[in-house]
Number of protein chains: 2
Amino acid sequence: MRKTKADAERTRDQILDAAEITFFERGVARSSLDDIARAAGVTRGAVYWHFANKVELFLAMQDRAWLPQEDLCEKLADTPDRDPLATVADVVCDMFRRIAADESQKRVLAILLLRCEYTDEMADALQRRKEADCSLDARFGALFAAAGDRGLLHPAFTPALAQGAFRALVFGVFRRWLEAPEEMDLTAQGCAMVQAFIRVLGDASHEKASSA
Amino acid sequence: MRKTKADAERTRDQILDAAEITFFERGVARSSLDDIARAAGVTRGAVYWHFANKVELFLAMQDRAWLPQEDLCEKLADTPDRDPLATVADVVCDMFRRIAADESQKRVLAILLLRCEYTDEMADALQRRKEADCSLDARFGALFAAAGDRGLLHPAFTPALAQGAFRALVFGVFRRWLEAPEEMDLTAQGCAMVQAFIRVLGDASHEKASSA
DNA sequence: CATTATCCATACATGAATGTATGTAAAGAG
DNA sequence: CTCTTTACATACATTCATGTATGGATAATG
(Lines give C-alpha, C1' and ligand atoms only; values in the text may rest on other atoms or scores of the structure.)
Protein backbone atom coordinates (compact mmCIF):
# COMPACT_ATOMS: atom_id res chain seq x y z
CA MET A 1 0.00 0.00 0.00
CA ARG A 2 2.53 2.55 -1.09
CA LYS A 3 1.07 5.56 -2.88
CA THR A 4 3.15 8.07 -4.75
CA LYS A 5 1.66 11.22 -6.22
CA ALA A 6 1.40 9.58 -9.61
CA ASP A 7 -0.40 6.64 -8.01
CA ALA A 8 -2.84 8.98 -6.36
CA GLU A 9 -3.58 10.61 -9.68
CA ARG A 10 -4.20 7.22 -11.16
CA THR A 11 -6.69 6.23 -8.49
CA ARG A 12 -8.39 9.58 -8.98
CA ASP A 13 -8.74 8.80 -12.65
CA GLN A 14 -9.98 5.32 -11.85
CA ILE A 15 -12.66 6.81 -9.63
CA LEU A 16 -13.70 9.15 -12.43
CA ASP A 17 -13.80 6.23 -14.86
CA ALA A 18 -15.91 4.23 -12.43
CA ALA A 19 -18.20 7.22 -11.92
CA GLU A 20 -18.69 7.48 -15.67
CA ILE A 21 -19.65 3.85 -16.00
CA THR A 22 -21.77 3.71 -12.88
CA PHE A 23 -23.63 6.93 -13.62
CA PHE A 24 -24.23 5.70 -17.13
CA GLU A 25 -25.55 2.34 -16.04
CA ARG A 26 -27.61 3.24 -12.99
CA GLY A 27 -28.20 6.96 -13.37
CA VAL A 28 -26.67 9.63 -11.17
CA ALA A 29 -29.23 9.60 -8.38
CA ARG A 30 -29.23 5.84 -7.89
CA SER A 31 -25.44 5.58 -7.91
CA SER A 32 -24.09 5.58 -4.39
CA LEU A 33 -20.53 6.56 -3.66
CA ASP A 34 -20.01 3.02 -2.46
CA ASP A 35 -21.08 1.68 -5.85
CA ILE A 36 -18.56 3.93 -7.54
CA ALA A 37 -15.79 3.17 -5.11
CA ARG A 38 -16.34 -0.55 -5.49
CA ALA A 39 -16.34 -0.24 -9.27
CA ALA A 40 -13.07 1.63 -9.02
CA GLY A 41 -11.57 -1.02 -6.76
CA VAL A 42 -11.24 1.32 -3.78
CA THR A 43 -13.34 2.27 -0.78
CA ARG A 44 -15.42 5.34 -0.04
CA GLY A 45 -12.45 6.69 1.88
CA ALA A 46 -10.58 7.20 -1.36
CA VAL A 47 -13.56 8.86 -2.99
CA TYR A 48 -14.03 11.27 -0.12
CA TRP A 49 -10.33 12.03 -0.14
CA HIS A 50 -10.36 13.16 -3.76
CA PHE A 51 -13.86 14.65 -3.90
CA ALA A 52 -15.98 16.43 -1.35
CA ASN A 53 -19.22 14.70 -2.32
CA LYS A 54 -21.15 13.29 -5.22
CA VAL A 55 -21.89 16.63 -6.82
CA GLU A 56 -18.21 17.54 -6.89
CA LEU A 57 -17.41 14.16 -8.35
CA PHE A 58 -20.03 14.73 -11.01
CA LEU A 59 -18.61 18.14 -11.86
CA ALA A 60 -15.08 16.73 -12.03
CA MET A 61 -16.30 14.06 -14.42
CA GLN A 62 -18.01 16.68 -16.53
CA ASP A 63 -14.89 18.82 -16.57
CA ARG A 64 -12.59 15.98 -17.53
CA ALA A 65 -14.66 15.19 -20.58
CA TRP A 66 -14.21 17.36 -23.57
CA LEU A 67 -17.65 18.70 -24.14
CA PRO A 68 -18.67 18.95 -27.79
CA GLN A 69 -19.49 22.60 -27.42
CA GLU A 70 -15.88 23.46 -26.66
CA ASP A 71 -14.81 21.17 -29.41
CA LEU A 72 -17.04 22.93 -31.88
CA CYS A 73 -16.00 26.36 -30.70
CA GLU A 74 -12.38 25.54 -31.25
CA LYS A 75 -13.05 24.25 -34.73
CA LEU A 76 -15.15 27.24 -35.64
CA ALA A 77 -12.53 29.64 -34.37
CA ASP A 78 -10.03 28.98 -37.14
CA THR A 79 -12.05 28.31 -40.26
CA PRO A 80 -11.13 29.94 -43.52
CA ASP A 81 -13.56 32.38 -45.03
CA ARG A 82 -15.32 29.73 -47.09
CA ASP A 83 -18.99 29.20 -47.61
CA PRO A 84 -20.31 29.64 -44.06
CA LEU A 85 -23.03 27.03 -44.44
CA ALA A 86 -20.59 24.43 -45.71
CA THR A 87 -18.36 25.23 -42.78
CA VAL A 88 -21.19 24.70 -40.34
CA ALA A 89 -22.11 21.34 -41.83
CA ASP A 90 -18.52 20.14 -41.95
CA VAL A 91 -17.79 21.07 -38.38
CA VAL A 92 -20.90 19.43 -36.99
CA CYS A 93 -20.39 16.25 -38.98
CA ASP A 94 -16.83 16.14 -37.82
CA MET A 95 -18.04 16.40 -34.26
CA PHE A 96 -20.51 13.57 -34.85
CA ARG A 97 -17.76 11.33 -36.15
CA ARG A 98 -15.47 12.07 -33.25
CA ILE A 99 -18.10 11.46 -30.60
CA ALA A 100 -19.30 8.25 -32.21
CA ALA A 101 -15.75 6.93 -32.03
CA ASP A 102 -15.18 7.82 -28.38
CA GLU A 103 -16.99 5.54 -25.95
CA SER A 104 -16.08 7.59 -22.92
CA GLN A 105 -17.41 10.80 -24.37
CA LYS A 106 -20.52 9.03 -25.49
CA ARG A 107 -21.10 7.82 -21.94
CA VAL A 108 -20.61 11.27 -20.46
CA LEU A 109 -23.00 12.84 -22.91
CA ALA A 110 -25.59 10.16 -22.29
CA ILE A 111 -25.27 10.91 -18.59
CA LEU A 112 -25.65 14.64 -19.13
CA LEU A 113 -28.65 14.28 -21.41
CA LEU A 114 -30.44 11.17 -20.21
CA ARG A 115 -29.21 9.99 -16.87
CA CYS A 116 -29.30 12.99 -14.58
CA GLU A 117 -31.93 15.30 -13.18
CA TYR A 118 -31.20 18.97 -13.35
CA THR A 119 -32.36 20.42 -10.08
CA ASP A 120 -31.01 23.05 -7.72
CA GLU A 121 -28.07 20.90 -6.65
CA MET A 122 -26.94 20.48 -10.23
CA ALA A 123 -27.24 24.19 -10.93
CA ASP A 124 -23.47 24.47 -11.38
CA ALA A 125 -23.38 21.67 -13.90
CA LEU A 126 -26.20 23.15 -15.91
CA GLN A 127 -24.62 26.57 -15.76
CA ARG A 128 -21.44 25.32 -17.38
CA ARG A 129 -23.38 23.75 -20.20
CA LYS A 130 -25.32 26.95 -20.72
CA GLU A 131 -22.17 29.05 -20.87
CA ALA A 132 -20.63 26.72 -23.40
CA ASP A 133 -23.84 26.80 -25.40
CA CYS A 134 -23.85 30.57 -25.28
CA SER A 135 -20.42 31.11 -26.75
CA LEU A 136 -21.19 28.44 -29.31
CA ASP A 137 -24.38 30.22 -30.30
CA ALA A 138 -22.40 33.38 -30.87
CA ARG A 139 -20.10 31.66 -33.34
CA PHE A 140 -22.90 29.90 -35.17
CA GLY A 141 -24.86 33.10 -35.19
CA ALA A 142 -22.04 34.90 -36.94
CA LEU A 143 -21.85 32.23 -39.62
CA PHE A 144 -25.56 32.21 -40.30
CA ALA A 145 -25.58 35.99 -40.35
CA ALA A 146 -22.78 35.92 -42.90
CA ALA A 147 -24.76 33.46 -44.99
CA GLY A 148 -27.72 35.77 -44.81
CA ASP A 149 -25.68 38.78 -45.84
CA ARG A 150 -24.34 37.00 -48.87
CA GLY A 151 -27.82 35.95 -49.91
CA LEU A 152 -27.04 32.29 -49.38
CA LEU A 153 -30.09 31.53 -47.27
CA HIS A 154 -33.36 30.23 -48.57
CA PRO A 155 -35.91 33.05 -48.32
CA ALA A 156 -38.04 31.04 -45.93
CA PHE A 157 -35.34 31.48 -43.29
CA THR A 158 -33.99 34.50 -41.52
CA PRO A 159 -30.50 33.95 -40.10
CA ALA A 160 -31.88 33.68 -36.58
CA LEU A 161 -34.53 31.21 -37.63
CA ALA A 162 -32.01 29.14 -39.53
CA GLN A 163 -29.71 29.07 -36.57
CA GLY A 164 -32.45 28.03 -34.18
CA ALA A 165 -33.72 25.31 -36.47
CA PHE A 166 -30.23 24.01 -37.11
CA ARG A 167 -29.47 23.92 -33.43
CA ALA A 168 -32.68 22.06 -32.73
CA LEU A 169 -32.02 19.60 -35.53
CA VAL A 170 -28.52 18.81 -34.33
CA PHE A 171 -29.67 18.38 -30.79
CA GLY A 172 -32.56 16.19 -31.81
CA VAL A 173 -30.35 13.98 -33.92
CA PHE A 174 -27.91 13.70 -31.11
CA ARG A 175 -30.45 12.83 -28.51
CA ARG A 176 -32.10 10.27 -30.72
CA TRP A 177 -28.78 8.56 -31.25
CA LEU A 178 -28.00 8.52 -27.54
CA GLU A 179 -31.40 7.05 -26.77
CA ALA A 180 -31.07 4.21 -29.27
CA PRO A 181 -27.52 3.92 -30.62
CA GLU A 182 -28.23 0.52 -32.10
CA GLU A 183 -31.11 1.84 -34.20
CA MET A 184 -29.21 4.71 -35.71
CA ASP A 185 -25.74 5.41 -37.01
CA LEU A 186 -24.69 8.90 -36.07
CA THR A 187 -21.96 9.16 -38.68
CA ALA A 188 -24.21 7.94 -41.47
CA GLN A 189 -27.78 9.08 -40.94
CA GLY A 190 -26.90 11.87 -38.55
CA CYS A 191 -24.46 13.49 -40.94
CA ALA A 192 -26.84 12.89 -43.83
CA MET A 193 -29.63 14.77 -42.10
CA VAL A 194 -27.38 17.67 -41.19
CA GLN A 195 -25.97 17.92 -44.68
CA ALA A 196 -29.34 17.66 -46.37
CA PHE A 197 -30.72 20.38 -44.14
CA ILE A 198 -27.80 22.65 -44.87
CA ARG A 199 -28.21 21.99 -48.54
CA VAL A 200 -31.85 23.04 -48.64
CA LEU A 201 -31.04 25.96 -46.38
CA GLY A 202 -28.54 27.19 -48.91
CA ASP A 203 -30.82 26.57 -51.86
CA ALA A 204 -31.52 30.24 -52.62
CA SER A 205 -32.48 29.40 -56.17
CA HIS A 206 -35.40 31.78 -56.02
CA GLU A 207 -33.16 34.69 -56.88
CA LYS A 208 -31.89 34.65 -60.46
CA ALA A 209 -28.44 35.98 -59.55
CA SER A 210 -26.05 33.19 -58.66
CA SER A 211 -22.74 34.89 -58.03
CA ALA A 212 -20.56 31.91 -57.07
CA MET B 1 -62.84 12.07 8.28
CA ARG B 2 -65.59 10.56 6.20
CA LYS B 3 -64.46 9.29 2.81
CA THR B 4 -66.84 8.32 0.08
CA LYS B 5 -65.64 6.78 -3.16
CA ALA B 6 -65.75 10.12 -4.88
CA ASP B 7 -63.67 11.64 -2.08
CA ALA B 8 -61.11 8.91 -2.47
CA GLU B 9 -60.85 9.62 -6.17
CA ARG B 10 -60.31 13.26 -5.36
CA THR B 11 -57.48 12.58 -2.96
CA ARG B 12 -55.96 10.27 -5.55
CA ASP B 13 -56.06 13.11 -8.02
CA GLN B 14 -54.63 15.50 -5.45
CA ILE B 15 -51.74 13.12 -4.91
CA LEU B 16 -51.13 12.97 -8.65
CA ASP B 17 -51.24 16.76 -8.84
CA ALA B 18 -48.79 17.02 -5.97
CA ALA B 19 -46.53 14.46 -7.62
CA GLU B 20 -46.51 16.50 -10.82
CA ILE B 21 -45.50 19.67 -9.03
CA THR B 22 -43.01 18.01 -6.71
CA PHE B 23 -41.35 15.97 -9.45
CA PHE B 24 -41.15 19.08 -11.58
CA GLU B 25 -39.60 21.20 -8.85
CA ARG B 26 -37.21 18.75 -7.21
CA GLY B 27 -36.79 16.03 -9.80
CA VAL B 28 -38.12 12.51 -9.47
CA ALA B 29 -35.24 11.00 -7.56
CA ARG B 30 -35.06 13.71 -4.92
CA SER B 31 -38.79 13.75 -4.31
CA SER B 32 -39.70 11.56 -1.36
CA LEU B 33 -43.17 10.17 -0.95
CA ASP B 34 -43.44 12.23 2.19
CA ASP B 35 -42.76 15.40 0.17
CA ILE B 36 -45.53 14.48 -2.21
CA ALA B 37 -47.97 13.47 0.50
CA ARG B 38 -47.35 16.71 2.35
CA ALA B 39 -47.84 18.72 -0.83
CA ALA B 40 -51.12 16.90 -1.35
CA GLY B 41 -52.23 17.58 2.20
CA VAL B 42 -52.25 13.92 3.18
CA THR B 43 -49.83 11.44 4.74
CA ARG B 44 -47.78 8.67 3.25
CA GLY B 45 -50.50 6.29 4.29
CA ALA B 46 -52.78 7.73 1.64
CA VAL B 47 -50.06 7.53 -0.97
CA TYR B 48 -49.32 3.91 -0.20
CA TRP B 49 -53.01 3.13 -0.25
CA HIS B 50 -53.44 4.41 -3.79
CA PHE B 51 -50.04 3.48 -5.22
CA ALA B 52 -47.68 0.64 -4.49
CA ASN B 53 -44.54 2.78 -4.60
CA LYS B 54 -42.95 5.75 -6.30
CA VAL B 55 -42.52 4.07 -9.65
CA GLU B 56 -46.20 3.18 -9.81
CA LEU B 57 -47.08 6.71 -8.85
CA PHE B 58 -44.84 7.99 -11.60
CA LEU B 59 -46.46 5.70 -14.15
CA ALA B 60 -49.94 6.74 -13.04
CA MET B 61 -48.94 10.37 -13.47
CA GLN B 62 -47.60 9.62 -16.92
CA ASP B 63 -50.76 7.77 -17.86
CA ARG B 64 -53.05 10.51 -16.66
CA ALA B 65 -51.36 13.07 -18.85
CA TRP B 66 -52.25 13.11 -22.48
CA LEU B 67 -48.96 12.52 -24.13
CA PRO B 68 -48.38 14.55 -27.30
CA GLN B 69 -47.68 11.42 -29.27
CA GLU B 70 -51.20 10.15 -28.77
CA ASP B 71 -52.51 13.58 -29.46
CA LEU B 72 -50.65 13.72 -32.74
CA CYS B 73 -51.67 10.24 -33.72
CA GLU B 74 -55.30 11.07 -33.24
CA LYS B 75 -54.99 14.19 -35.33
CA LEU B 76 -53.12 12.44 -38.08
CA ALA B 77 -55.66 9.64 -38.18
CA ASP B 78 -58.41 11.70 -39.70
CA THR B 79 -56.78 14.17 -42.02
CA PRO B 80 -58.13 14.78 -45.48
CA ASP B 81 -55.98 13.83 -48.42
CA ARG B 82 -54.37 17.23 -48.66
CA ASP B 83 -50.77 18.13 -49.20
CA PRO B 84 -49.07 15.72 -46.80
CA LEU B 85 -46.32 18.15 -45.89
CA ALA B 86 -48.78 20.89 -45.04
CA THR B 87 -50.69 18.42 -42.92
CA VAL B 88 -47.57 17.51 -41.00
CA ALA B 89 -46.71 21.14 -40.31
CA ASP B 90 -50.24 22.02 -39.25
CA VAL B 91 -50.58 19.12 -36.88
CA VAL B 92 -47.26 19.75 -35.16
CA CYS B 93 -47.89 23.46 -34.81
CA ASP B 94 -51.29 22.72 -33.40
CA MET B 95 -49.67 20.45 -30.84
CA PHE B 96 -47.20 23.17 -29.93
CA ARG B 97 -49.99 25.61 -29.30
CA ARG B 98 -51.94 23.22 -27.18
CA ILE B 99 -49.01 22.22 -25.02
CA ALA B 100 -47.90 25.80 -24.52
CA ALA B 101 -51.34 26.61 -23.16
CA ASP B 102 -51.50 23.70 -20.73
CA GLU B 103 -49.35 24.15 -17.65
CA SER B 104 -49.97 20.65 -16.36
CA GLN B 105 -48.93 19.00 -19.58
CA LYS B 106 -45.91 21.23 -19.77
CA ARG B 107 -44.88 20.11 -16.30
CA VAL B 108 -45.32 16.44 -17.13
CA LEU B 109 -43.30 16.75 -20.29
CA ALA B 110 -40.57 18.66 -18.50
CA ILE B 111 -40.46 15.83 -15.97
CA LEU B 112 -40.27 13.18 -18.66
CA LEU B 113 -37.56 14.96 -20.62
CA LEU B 114 -35.53 16.83 -18.02
CA ARG B 115 -36.30 15.72 -14.52
CA CYS B 116 -36.05 11.95 -14.49
CA GLU B 117 -33.34 9.39 -15.05
CA TYR B 118 -34.19 6.54 -17.35
CA THR B 119 -32.68 3.48 -15.75
CA ASP B 120 -33.84 -0.11 -15.31
CA GLU B 121 -36.54 0.85 -12.83
CA MET B 122 -38.08 3.26 -15.29
CA ALA B 123 -38.01 0.71 -18.08
CA ASP B 124 -41.81 0.58 -18.15
CA ALA B 125 -42.12 4.32 -18.46
CA LEU B 126 -39.64 4.46 -21.29
CA GLN B 127 -41.31 1.55 -22.99
CA ARG B 128 -44.63 3.37 -23.16
CA ARG B 129 -42.99 6.39 -24.70
CA LYS B 130 -41.25 4.22 -27.24
CA GLU B 131 -44.46 2.49 -28.23
CA ALA B 132 -46.22 5.79 -28.68
CA ASP B 133 -43.27 7.05 -30.70
CA CYS B 134 -43.39 3.96 -32.85
CA SER B 135 -47.00 4.26 -33.92
CA LEU B 136 -46.44 7.95 -34.47
CA ASP B 137 -43.47 7.24 -36.68
CA ALA B 138 -45.62 4.95 -38.78
CA ARG B 139 -48.12 7.73 -39.45
CA PHE B 140 -45.50 10.33 -40.19
CA GLY B 141 -43.66 7.85 -42.35
CA ALA B 142 -46.74 7.34 -44.48
CA LEU B 143 -47.13 11.07 -45.00
CA PHE B 144 -43.53 11.64 -45.94
CA ALA B 145 -43.65 8.63 -48.24
CA ALA B 146 -46.73 10.09 -49.90
CA ALA B 147 -44.93 13.39 -50.34
CA GLY B 148 -42.03 11.55 -51.91
CA ASP B 149 -44.30 9.65 -54.29
CA ARG B 150 -45.92 12.85 -55.48
CA GLY B 151 -42.53 14.45 -56.09
CA LEU B 152 -43.11 17.03 -53.40
CA LEU B 153 -39.82 16.49 -51.62
CA HIS B 154 -36.65 18.43 -52.26
CA PRO B 155 -34.22 16.10 -54.04
CA ALA B 156 -31.75 16.40 -51.18
CA PHE B 157 -34.12 14.36 -49.03
CA THR B 158 -35.38 10.84 -49.26
CA PRO B 159 -38.66 10.30 -47.41
CA ALA B 160 -36.89 8.49 -44.59
CA LEU B 161 -34.28 11.21 -44.29
CA ALA B 162 -36.92 13.90 -44.26
CA GLN B 163 -38.86 12.11 -41.59
CA GLY B 164 -35.83 11.62 -39.39
CA ALA B 165 -34.73 15.22 -39.74
CA PHE B 166 -38.20 16.51 -39.08
CA ARG B 167 -38.54 14.37 -36.00
CA ALA B 168 -35.19 15.58 -34.72
CA LEU B 169 -36.08 19.18 -35.40
CA VAL B 170 -39.38 18.98 -33.57
CA PHE B 171 -37.81 17.25 -30.62
CA GLY B 172 -34.97 19.74 -30.47
CA VAL B 173 -37.33 22.70 -30.58
CA PHE B 174 -39.42 21.14 -27.89
CA ARG B 175 -36.56 20.41 -25.61
CA ARG B 176 -35.08 23.83 -26.04
CA TRP B 177 -38.38 25.40 -25.07
CA LEU B 178 -38.71 23.19 -21.99
CA GLU B 179 -35.20 24.06 -20.90
CA ALA B 180 -35.72 27.79 -21.16
CA PRO B 181 -39.38 28.70 -21.64
CA GLU B 182 -38.72 32.36 -20.91
CA GLU B 183 -36.16 32.63 -23.70
CA MET B 184 -38.33 31.15 -26.37
CA ASP B 185 -41.95 31.22 -27.42
CA LEU B 186 -43.01 27.81 -28.62
CA THR B 187 -46.05 29.04 -30.53
CA ALA B 188 -44.08 31.77 -32.31
CA GLN B 189 -40.52 30.67 -32.97
CA GLY B 190 -41.23 26.99 -32.62
CA CYS B 191 -43.99 27.01 -35.20
CA ALA B 192 -41.94 29.29 -37.43
CA MET B 193 -39.04 26.86 -37.48
CA VAL B 194 -41.27 23.91 -38.23
CA GLN B 195 -43.10 25.73 -41.00
CA ALA B 196 -39.93 27.07 -42.56
CA PHE B 197 -38.41 23.62 -42.55
CA ILE B 198 -41.48 22.10 -44.15
CA ARG B 199 -41.45 24.83 -46.74
CA VAL B 200 -37.89 24.19 -47.86
CA LEU B 201 -38.55 20.47 -47.71
CA GLY B 202 -41.37 20.89 -50.16
CA ASP B 203 -39.39 23.18 -52.42
CA ALA B 204 -38.95 20.72 -55.28
CA SER B 205 -38.32 23.53 -57.74
CA HIS B 206 -35.49 21.62 -59.37
CA GLU B 207 -37.92 19.78 -61.55
CA LYS B 208 -39.54 21.91 -64.21
CA ALA B 209 -42.94 20.22 -63.95
CA SER B 210 -45.11 21.79 -61.27
CA SER B 211 -48.34 19.85 -61.40
CA ALA B 212 -50.26 21.53 -58.56
C1' DC C 1 17.04 9.43 9.61
C1' DA C 2 13.35 11.71 11.83
C1' DT C 3 9.33 14.11 10.91
C1' DT C 4 5.44 15.43 8.53
C1' DA C 5 2.09 15.20 5.12
C1' DT C 6 -0.19 12.35 1.89
C1' DC C 7 -3.32 8.69 0.64
C1' DC C 8 -6.45 5.64 1.73
C1' DA C 9 -9.10 1.90 4.64
C1' DT C 10 -11.92 1.13 8.48
C1' DA C 11 -15.20 2.23 11.90
C1' DC C 12 -18.84 4.93 13.64
C1' DA C 13 -22.77 8.04 14.04
C1' DT C 14 -26.70 10.01 11.90
C1' DG C 15 -30.61 11.00 9.18
C1' DA C 16 -33.53 10.11 5.63
C1' DA C 17 -36.57 7.26 3.06
C1' DT C 18 -38.83 3.13 2.55
C1' DG C 19 -42.18 -0.55 3.47
C1' DT C 20 -45.25 -2.55 6.62
C1' DA C 21 -48.13 -3.17 10.48
C1' DT C 22 -51.62 -1.46 13.16
C1' DG C 23 -55.43 1.54 14.54
C1' DT C 24 -59.78 3.70 13.32
C1' DA C 25 -63.65 6.16 11.78
C1' DA C 26 -66.81 6.24 8.48
C1' DA C 27 -69.13 4.22 4.26
C1' DG C 28 -71.48 0.54 2.08
C1' DA C 29 -73.80 -3.89 2.05
C1' DG C 30 -77.07 -7.13 3.84
C1' DC D 1 -78.85 -1.99 12.73
C1' DT D 2 -74.70 -5.25 12.42
C1' DC D 3 -70.81 -6.32 9.89
C1' DT D 4 -67.42 -5.88 6.66
C1' DT D 5 -64.65 -3.09 3.81
C1' DT D 6 -62.79 1.18 2.51
C1' DA D 7 -59.63 5.00 3.10
C1' DC D 8 -56.77 6.71 5.29
C1' DA D 9 -53.39 8.25 9.74
C1' DT D 10 -50.03 6.76 12.87
C1' DA D 11 -46.33 4.06 14.59
C1' DC D 12 -42.62 0.96 13.93
C1' DA D 13 -38.71 -1.56 11.93
C1' DT D 14 -35.19 -1.66 8.64
C1' DT D 15 -32.28 -0.52 5.15
C1' DC D 16 -29.29 2.55 2.95
C1' DA D 17 -26.43 6.37 1.97
C1' DT D 18 -23.99 9.93 3.77
C1' DG D 19 -20.39 12.41 6.36
C1' DT D 20 -16.88 12.24 9.61
C1' DA D 21 -13.53 10.52 12.66
C1' DT D 22 -9.77 7.65 13.28
C1' DG D 23 -5.88 4.75 12.19
C1' DG D 24 -2.05 3.25 9.60
C1' DA D 25 1.32 2.76 6.08
C1' DT D 26 4.19 4.84 3.08
C1' DA D 27 6.12 8.86 0.40
C1' DA D 28 8.04 13.25 0.55
C1' DT D 29 10.89 16.57 2.93
C1' DG D 30 14.51 18.52 5.53
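Every pair passing salt bridge (Lys or Arg N to Asp or Glu O under 4.0 Å) that includes a residue from residues 161-175 of chain A is listed here, sequence neighbours excluded: A/D133-A/R167, A/D137-A/R167, A/R175-A/E179. Every pair tested for salt bridge (Lys or Arg N to Asp or Glu O under 4.0 Å) that includes a residue from residues 48-57 of chain B fails, sequence neighbours excluded, so the list is empty. Every pair passing salt bridge (Lys or Arg N to Asp or Glu O under 4.0 Å) that includes a residue from residues 31-53 of chain B is listed here, sequence neighbours excluded: B/R26-B/D35, B/D34-B/R38.
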So which protein nitrogen or oxygen atoms get under 3.5 Å of nucleotides 28-30 of chain C's nitrogens or oxygens?
| unit_1 | atom_1 | unit_2 | atom_2 | d |
| --- | --- | --- | --- | --- |
| C/dG28 | OP1 | B/T4 | OG1 | 3.0 |

Hey, what are the protein-to-nucleotides 13-15 of chain D N/O distances that come in under 3.5 Å?
none

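Spacing between atom CD of A/E9 and atom P of C/dT6 amounts to 14 Å, rounded to whole angstrom units. In this structure, A/R38 places its CZ atom 12 Å from P of D/dT18, rounding to the nearest Å. One interatomic measurement links the two molecules: CH2 of A/W49 to C1' of D/dT18, which rounds to 19 Å at whole-angstrom precision. Between A/F58 atom CZ and D/dT18 atom C1' the separation is 19 Å, expressed in whole Å. As rounded to whole Å, 15 Å separates atom C1' of D/dT6 from atom CZ of B/R12. Note: CG (B/D13) to P (D/dA7) measures 14 Å, nearest angstrom.
Look at B/H50 and you'll find a side-chain N or O under 4.0 angstrom from OP1 or OP2 of D/dC8.
In this view, B/E121 and A/R30 satisfy the salt bridge (Lys or Arg N to Asp or Glu O under 4.0 Å) rule, not counting sequence neighbours. Residues satisfying the salt bridge (Lys or Arg N to Asp or Glu O under 4.0 Å) test with B/D149, not counting sequence neighbours, are none. With sequence neighbours excluded, the residues satisfying salt bridge (Lys or Arg N to Asp or Glu O under 4.0 Å) with A/D17 are A/R64. Listed by chain and number, the residues in a ring pair (Phe, Tyr, Trp, His ring centres under 6.0 Å) with A/F166 are A/F140, A/F144 (sequence neighbours excluded). Considering only residues two or more places apart in sequence or on other chains, B/A19 meets the side chain to side chain contact (heavy atoms under 4.5 Å, CB included) condition with B/F23, B/I36, B/L57.
Annotation: side chain of A/E117 is in contact with side chain of B/V28 (closest heavy-atom distance under 4.5 Å).
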Study note, to complete from the structure: Its contact letters, B for base, S for sugar-phosphate only and - for none at protein heavy atoms under 4.0 Å, make nucleotides 17-23 of chain C read SBBB---
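Salt bridge absent: B/D124 and B/R128 never bring a charged side-chain N and a carboxylate O closer than 4.0 Å.
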Compile the donor-acceptor pairs under 3.5 Å between side chains in residues 105-112 of chain B and protein atoms, sequence neighbours left out, one pair per line.
| unit_1 | atom_1 | unit_2 | atom_2 | d |
| --- | --- | --- | --- | --- |
| B/Q105 | NE2 | B/W66 | O | 2.2 |
| B/R107 | NE | B/E20 | OE1 | 3.4 |
| B/R107 | NH2 | B/E20 | OE1 | 3.4 |

